[in-house]
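Remarks on the structure that follows.
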Amino acid sequence: MVYLNFTDLSEEAQNRLLETSKADVQRKFGDNIRKYVTENYGCFETMIEEEALRNLYSYTYVFNP
């Protein structure tokens, strides 16, 4: 669950959420993504970024007033 202040949806807050999501994706799927990138000649950072954006939809958000 991710707690957000409803009045603080600034770019900094969005970047913080994205960095949290990237760390989460690397922890959960890093080895699998690394293997896929190696086999298919992709870019690891690009794949992590794309998966992190998708991962943001899996979070439960709670907005505090």
Side-chain angles (χ1 to χ4, degrees):
M1 200 170 303
V2 177
Y3 293 93
L4 295 172
N5 186 341
F6 190 72
T7 60
D8 182 24
L9 297 177
S10 65
E11 185 175 347
E12 181 181 306
Q14 292 176 31
N15 287 336
R16 188 174 59 244
L17 278 173
L18 184 58
E19 291 302 318
T20 302
S21 182
K22 282 182 187 180
D24 196 26
V25 167
Q26 284 185 2
R27 184 178 51 79
K28 289 180 182 176
F29 309 111
D31 294 336
N32 291 336
I33 292 173
R34 206 171 266 110
K35 182 179 176 185
Y36 176 83
V37 166
T38 302
E39 292 173 356
N40 295 293
Y41 306 104
C43 176
F44 180 74
E45 290 302 319
T46 302
M47 288 291 291
I48 290 293
E49 179 97 16
E50 291 172 359
E51 291 301 319
L53 290 172
R54 285 187 196 102
N55 188 50
L56 287 173
Y57 291 104
S58 69
Y59 291 151
T60 301
Y61 296 96
V62 176
F63 292 95
N64 297 324

query: Do NZ/NE/NH1/NH2 and the carboxylate oxygens of E19 and R16 come within less than 4.0 Å?
result: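 Answer for the salt bridge query: no.
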
Roughly how far apart are [X] [atom1] and [Y] [atom2], rounded to 0.5 Å?
| X | Y | atom1 | atom2 | value |
| --- | --- | --- | --- | --- |
| E51 | E49 | CD | CD | 11.0 Å |
| R34 | I48 | CZ | CD1 | 7.5 Å |
| Q26 | E45 | CD | CD | 6.5 Å |
| K35 | N40 | NZ | CG | 11.0 Å |

message: Assigning hydrophobic clusters by single linkage (Ile, Leu, Val, Met, Phe, Trp, Tyr; side-chain heavy-atom cutoff under 4.5 Å), is L18 placed with V25?
response: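 Different clusters.
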
message: Looking only at side-chain N and O atoms, does D24 offer a donor or acceptor that is under 3.5 Å from a partner on S21?
response: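 Checked: S21/D24 side chains show no N/O donor-acceptor pair below 3.5 Å.
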
task: Identify the heavy atoms of V37 and F44 that sit nearest to each other, and give their distance.
output: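 Here V37 and F44 meet closest at CG1-N, 3.8 Å.
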
- prompt: Around Y36, counting heavy atoms of other residues, nucleotides and ligands shown, do more than 12 lie under 6.0 Å from its OH?
  reply: no

